[in-house]
Every structure is written in structure tokens, then in C-alpha cells.
Amino acid sequence: MAIKISAVAQKIKPSATLAVSSKAKAMIKEGVDVVNFGVGEPDFDTPQNIKVAGIKAIEGGFTKYTPASGIPELKEAICEKLANDNGIQYEPKQVIVSCGGKHVLHNLLFVLCDDGDEVLIPAPYWLSYTDMTVMVGGVPVIVPTDEKDAFKLKKEALAEKITPKTKAMILNSPSNPTGMAYTEEELREIIGFLIEKGIVVISDEMYEKIIYDGLVHASPASFGDEFKEKVITVNGVSKTYAMTGWRIGYAAGPPEVIEAAGRIQSQVTSGPNAMAQKAAVEALIGDQSEVPKMVAEFDKRRKYIVKRLNAMKNVTCVNPLGAFYAFPNVSGYYGKELGGEPVKDSISFCNVLLDKAKVAAVPGAPFGADAHIRFSYATSMERIEEGMKRMEQALG
Ligand code: PLP
């Protein structure tokens, strides 16, 4: 008889983004020419100076366990980065380094949630937030936003969802999947409203450097002491420095939260990868000249893909202000047939797109937005052009 799996494990869905990209990868392996818009990682190589720092660490024998919550050198580099870029003053004891941003978020939710505590998650949301909340015994409470407000949260929608059980909110700006990014003024209003009510805010700033149209990224923890007491800033090196495989993320916040997260981490993973931590020091405080080059390339692609999508019949796409995703509404096709196949939702739309046009995109349903699908434009301009041409033909 099969081993019985725990109730919590049964509730956890596999990551939909990884599922689509593995189906696309399997097709590619079979020789099918798929244009893959599914992958949530930069297509650029990790900058050379960062690789060299990692190689030097290995060659210098920096290959053993490190302190569980990260090496002091990296914590200091993170403090320096947060002070210089974000205007937030932290001491190293207020910083934890974990195995990627995902791991940071899981640790934090673990520390914050007792059974039944509610976590506010504005939709569309990065799909791991909900499953991670469930994993630690919390209850995800989805706060809707509207496409016509460019997916920005309204205070009234938030107020409706707050209960005595509300413990925290996860705010992600710039956003995966919509590319929405808040201004400082908007953030002050939303976060100010939450912290007045004693609600903790996890500010996921993973895409802070990938931002367009002159918008300036604002970090809520920098807005004043009352904000800093309730806001935990989450970031990492994966997206900004094309370092998804190195697995380094970090959080800075109130010492009691960071200390508890460190204790949990010490029992689960020990310290993050030693040489990746050395490479992350170089990423954060070394030469930054590759970052604007990557962002400029993303920006060109963003303008192009959004224009092409909006030119398609029955497709509308809000202009993304950050990250590397376009999140068009394709619900004009639901209830119709495409290439002889019925389309009823974002999942069937993406399946038809993959099967008929050999274009891989991620359905919006697991992001809490079934009217939409997500395109990652972290792929070359040539492939974007080809993908848009194929999609246009398939929508014919
Ligand atoms: N937060 C957001 C919004 C993301 O999109 C991602 C990755 O896709 C992460 C966190 C996690 O990043 P990492 O690869 O460092 O775990």
C-alpha cells in the first residue's frame, strides 16, 4: 500500500511556471521549435566579475559550512546595499541570507504565522505566495485588483479583507506576473494603512532594479521608523544579476523576526551555498555596469511585445512598469475555438497556443487571474518576434 502523504503536502500544487517550462523543454528536446515565454529567469549570463568571485572562493577552499544565517561579509554587503540603494539603515544582525528568495519567504511565513493566521495577498500574485502560506498553516486571503487600475491595490478592497486574524500582507513591487510597480506615494498610503492596524508587511522587492519609464523604486521600510518596525524587506540576486541558479536571497527586518528565521534555517538547511555567498558579495557591492545594460535590453523587448500583443484582435495588455513579464488579457477567446480546439480558460488557451503555435506562455489561473496569460520576455528579440508572429497567426 502506498505511503500516506500528509494533509498539508496534499494541498500543495506543483509550481505552474515550472510545469509549463518543462513541457516546453520536453518538446524542444524532441526537436520541436518552441518559442518559450514560460521561463521566469533572465536569459543573460551571470556577469563575469561575479563568476570570478565564485571561482576564487572555490579555489581558495571556501567550500565548507558557513554560519547558518549567512557570512558576516555578505550581511555587511547587504546592509551597505540597503543603505545606498534603498535608504534603509540595518545592522548585520537584522539580515538573514537564505537559499534564494523563495526560501527567504518561506522562512518568514513560518516565523509569522500561527495556525489559521491570515495573510493578505493581492491578486494577481506570484503563485508561490499562496502555497507557501498554506504550508506553514496560514490562510491566504486574496485581495482583488482591477486591470483598469493597472492592477494596483485600492485601500477599500484591502479594508474589506482585514479581520482580527490578519497577520501579514505580501506586497510585490515590481510585480510578477503583471509588471505593475507602485510609486512611493501609493506605497506610503497602502502600507501606512496596514501598519496602523498592526499588520506586518513582507515587501518582496526582487525586481527592484528592473524598472522602466523613469519610475523610481521605493522601499517601504525607508519611509520612517514606524514603517521599519513592521516591514520586512525581501530581495535577492537571482533576477538583477542573472543568478537564478546560485540560490541566494535575503531579508532585512526587525531583529526578533530575523533571529527566529535564522533559528529555523539552522535546523533545515544550515547556511546557504558558501561560494554563492562570496559571489553575491561581488554582485551587490562590486561593479554594477552590467545591470543597466540588461535592463535596457529588457526595456526594448517590453516595448515591442506589449505593442504586438495590443495589436492582436481581442487581446489587451497593460503596460508593465517593471520586471520582465507581459500579462495580456486573452479572455476574449474564451468560449470560442482556436485551431479547432475549444478554449474555455487560461489553461486551455495556453495548451492550444503550445500545441498549435508552438508558443509557450503560462496560464494566469495559478496567479489568481484566469483572464490572463503570462509572457516572460527574458528571451531574445528574434524569438519574441517569431513568437508574436506565430501567436498572431494562431489567433488568425
Ligand atoms: N519573488 C518573486 C516575485 C519572484 O518572481 C521570484 C522568482 O521567480 C522570487 C521571489 C524567488 O526568487 P529566487 O529565485 O531567488 O528564489
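As the structure lists them, so they are numbered: ligands from 1, and atoms in each ligand from 1. If you're wondering where the values come from, they're calculated on a predicted model, not measured in any experiment. Basis for what follows: all heavy atoms, side chains included, without hydrogens, waters or symmetry-related copies.
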Quick one: does Arg247 get a heavy atom under 4.0 Å from ligand 1? yes

May I ask you to check whether Tyr207 has an N/O atom sitting below 3.5 Å from an N/O atom of ligand 1? yes

Proximity of Phe110 and His103 rings by center, below 6.0 Å: no

Quick one: does Tyr250 get a heavy atom under 4.0 Å from ligand 1? no

Ligand-residue contact atoms, ligand 1 with Ser238, heavy atoms, under 4.0 Å: 13 (P), 14 (O), 15 (O)

Identity and distance of the protein heavy atom lying nearest atom 12 (O) of ligand 1: Met206 CE, 3.2 Å

Thr166 vs Lys197, side chain to side chain donor-acceptor pair (under 3.5 Å): CA-CA, chis, key distance, verdict: CA-CA 10 Å; Thr166 308; Lys197 302 190 177 320; over 6 Å; no

Under the criterion salt bridge (charged side-chain N to carboxylate O under 4.0 Å, His left out), I'd like the reasoning laid out for Arg390 against Asp33: C-alpha separation, chi angles, the key distance, then a yes or no. CA-CA 12 Å; Arg390 290 187 195 180; Asp33 173 26; 2.5 Å; yes

For Asp204, state whether at least one heavy atom is located under 4.0 Å from any atom of ligand 1. yes

Determine whether Thr316 and Asn329 satisfy the following criterion, side chain to side chain donor-acceptor pair (under 3.5 Å), listing intermediate values before the conclusion. CA-CA 5 Å; Thr316 53; Asn329 185 326; 4.6 Å; no

Under 3.5 Å: N/O of His103 near N/O of ligand 1: no

Should you measure from each heavy atom of Gly100, which atoms of ligand 1 turn up under 4.0 Å away? 15 (O), 16 (O)

Answer yes if the side chains of Ser346 and Asp370 hold a donor-acceptor pair under 3.5 Å, and no otherwise. yes

Looking at ligand 1, does Gly101 have a heavy atom less than 4.0 Å from it? yes

Do the non-hydrogen side-chain atoms of Asn235 and Glu205 ever get within less than 4.5 Å of each other? yes

Counting each atom of ligand 1 from 1 as listed, which ones have a heavy atom of Tyr129 under 4.0 Å away? 3 (C)

Please name the residue in the list Phe367, Phe151, Tyr334, Phe349 that meets the ring-ring contact (aromatic ring centres under 6.0 Å, His included) test with His372. Phe151

Kindly state each residue pair satisfying ring pair (Phe, Tyr, Trp, His ring centres under 6.0 Å) with at least one member in residues 168-215, sequence neighbours excluded. Tyr207-Phe324, Tyr207-Tyr325

Lys239 versus ligand 1: do any nitrogen or oxygen atoms come within less than 3.5 Å of each other? yes

Among all protein heavy atoms, pick out the one at the shortest distance from atom 6 (C) of ligand 1; state its residue, atom name and that distance to 0.1 Å. Trp126 CZ2, 3.4 Å

Could you tell me which atoms of ligand 1, counted from 1 in the order shown, lie closer than 4.0 angstrom to a heavy atom of Asn172? 3 (C)

So does Arg301 pair up with Asp43, basic N to acidic O under 4.0 Å? yes

